Amino acid sequence: MSKFQKEFEKALKLIEKSNNILIISHKNPDGDTIGSNLSLRKVLICDFGKNVTSVCADPLPKSLLFLPDSNVFENKIDPNKHDLIITVDASSVDQLKFAEIDEKFLKSGKAIINIDHHPTNKKFGTLNIVDENASCATEILYYFFEFVKATIVPSTATHLLAGLYNDTGSFMHSNTSSSSYKIASKLLEAGAALPRIVKHMFKTQSIEQLRLWGKVLSNARLNKKGTLVSKITNDDFYETNSTPRDLMGVINYLNSVSRSNLSILLSEDMEGHVKGSMRTSKNDVNVASLCEKLGGGGHKKAAGFTIPGKIVTEEVWRIEEE
Ligand code: 5GP
Ligand code: MN
């Protein structure tokens, strides 16, 4: 029996009485939020016969276009047209980036199911299925599909496995659990296209991206306390003909420095903001709480924030006696 038995029952009831369902992925989407959206979409259409609209405020990165049905996403919403909204892998309303879903809308009592695994989740739904022990949102959906006895066709298995691979960093991050492996095994049996996931999500890079990553790596600085910082400005994007999305994944290299207790990548976003990504491999450092103080959030070992501003270089000189 699932620990979310009651929540799953409530979700099932909400789904059964709805006709038009809106599924929202978070901004700047990754394989987990997109895999969650597309797998749930398939089940709601094929097993429940619902009308489903899948949306994401930002376009999908190239690395996810191989996913079956990746072309269904819309970027505008009219939430009043839908009788149920389901958000996937989003810890807060900000992460959805749809102005229509604001405080006032949330207070209207519209049915919203919030399916997520971030410990900093703001529980903004009318029903919150938030499991911070799940390695990814698709893991929660896997158990939900099992609960409703949904048919896992090969494309659904690929969507779910993409979420697992994305958030566990190919089963290398500390959130990888026996449950992640169990589910992965079931998904492979159900026909998930593992070679395509590996090829497109982890082994395909453009020369522009490589040049940008070169800048990230050469800008890295490590202080005596083990804080490693690197930065990318808008000029770096222009010089390498790349975009902020091309940064996805590079922070894992920064975090691989053995003397680093905390790795931070600061990057400008071409729209007057600085995005910070933080990672740690230490159990006694909690980057989610650090990022929360800056208005962001995430997981204990992987979190981020965005603040208005730009990156200013500051040089400090000192004399050390021989
Ligand atoms: P990344 O550094 O790869 O952008 O994000 C790492 C993790 O932190 C992801 O789980 C992401 O959802 C979360 N995260 C990143 N930026 C923000 C933010 O501004 N707000 C919140 N709530 N979570 C964030
Ligand atoms: Mn996730």
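When a ligand or atom number is given, it counts from 1 through the structure's own listing order. From a predicted model like this one, the values you see are computed outputs, not experimental measurements.
- Atom 8 (O) of ligand 1 has Ala303 CA, 3.2 Å as its closest protein atom, hydrogens excluded (heavy atom only).
- Taking atom 10 (O) of ligand 1 as the reference point, the nearest protein heavy-atom neighbour is His118 NE2, 2.8 Å.
- If you check the side chains of Asp89 and Ser36, you find no donor sitting under 3.5 Å from an acceptor.
- Side-chain contact, Ser91 with Gln95: no donor N or O sits under 3.5 Å from an acceptor N or O.
- When the Mn ion (ligand 2) is compared with the N/O/S atoms of Asp167, atom OD2 turns out nearest.
- Using a cut-off of 4.0 Å between Lys/Arg side-chain N and Asp/Glu carboxylate O, Arg245 and Asp58 are scored as not salt-bridged.
- The name of the N, O or S atom in Asp32 nearest to the Mn ion (ligand 2) is OD2.
- Closest N/O/S atom of Asp89 to the Mn ion (ligand 2): OD1.
- Every atom of ligand 1 is numbered from 1 in the order shown, and the set under 4.0 Å from a heavy atom of Ser277 is 1 (P), 2 (O), 4 (O).
- Residues Val216 and Leu228 are members of one and the same hydrophobic cluster, defined by side-chain heavy-atom contacts under 4.5 angstrom among Ile, Leu, Val, Met, Phe, Trp and Tyr.
- Distances from the Mn ion (ligand 2) show that His118 has no N/O/S atom below 2.8 Å.
- Considering only non-hydrogen protein atoms, atom 7 (C) of ligand 1 sits nearest to Ala302 O, 3.5 Å.
- Protein heavy atom in closest approach to atom 4 (O) of ligand 1: Lys275 NZ, 2.9 Å.
- In this structure, a donor-acceptor pair under 3.5 Å is absent between the side chains of Ser155 and Thr158.
- Counting heavy-atom neighbours within 6.0 Å of Tyr253 OH, excluding the residue itself, gives a total of 12 or less.
- At a cut-off of 2.8 Å, Asp116 is not counted among the residues with an N, O or S atom near the Mn ion (ligand 2).
- Using modelled atom types and a 3.5 Å distance limit, the side chains of Asn128 and Asn121 yield no donor-acceptor pair.
- Considering Arg279, Met248, Lys301 only, the shortest heavy-atom separation from atom 1 (P) of ligand 1 involves Arg279.
- Protein heavy atom at the shortest distance from atom 19 (O) of ligand 1 is Phe305 CA, 3.6 Å.
- Taking a cut-off of under 4.0 Å to the non-hydrogen atoms of Gly298, the atoms of ligand 1 that pass are 8 (O), 13 (C), 23 (N).
- Using modelled atom types, one finds a donor on one side chain and an acceptor on the other under 3.5 Å when comparing Asp47 with Thr151.
- A salt bridge links Glu292 with Lys122: the distance from a Lys NZ or Arg NE/NH1/NH2 to an Asp or Glu carboxylate oxygen falls below 4.0 Å.
- Here the protein heavy atom with the shortest distance to atom 17 (C) of ligand 1 is Gly304 O, 3.3 Å.
- The distance criterion of under 3.5 Å between nitrogen or oxygen atoms is not met by His26 with respect to ligand 1.
- Interface atoms of ligand 1 facing Gly296, defined by a heavy-atom separation under 4.0 Å, are 18 (C), 19 (O), 20 (N), 21 (C), 22 (N).
- Taking backbone and side-chain atoms together, Asp30 has no N/O/S atom less than 2.8 Å away from the Mn ion (ligand 2).
- Between Gly297 and ligand 1, an N or O atom pair is found at a separation short of 3.5 Å.
- Within the 4.0 Å heavy-atom criterion, the part of Ser91 lying near ligand 1 is the side chain and not the backbone.
- Between Lys186 and Glu146 there is no salt bridge, since none of the side-chain N atoms of the basic residue sits less than 4.0 Å from a carboxylate O of the acidic one.
- Geometrically, ligand 1 and Thr120 share no nitrogen or oxygen pair separated by less than 3.5 Å.
- Taking the six-membered ring for Trp and thresholds of 30 and 60 degrees, Phe8 and Phe4 have ring planes inclined between 30 and 60 degrees apart.
- The aromatic rings of His299 and His118 sit parallel, their planes meeting at an angle under 30°, below the 60° perpendicular limit.
- Defined by atom type and a distance below 3.5 Å, a donor-acceptor pair is missing between the side-chain atoms of Asp30 and Thr33.
- Near His299, meaning under 4.0 Å from one of its heavy atoms, ligand 1 places the atoms 10 (O).
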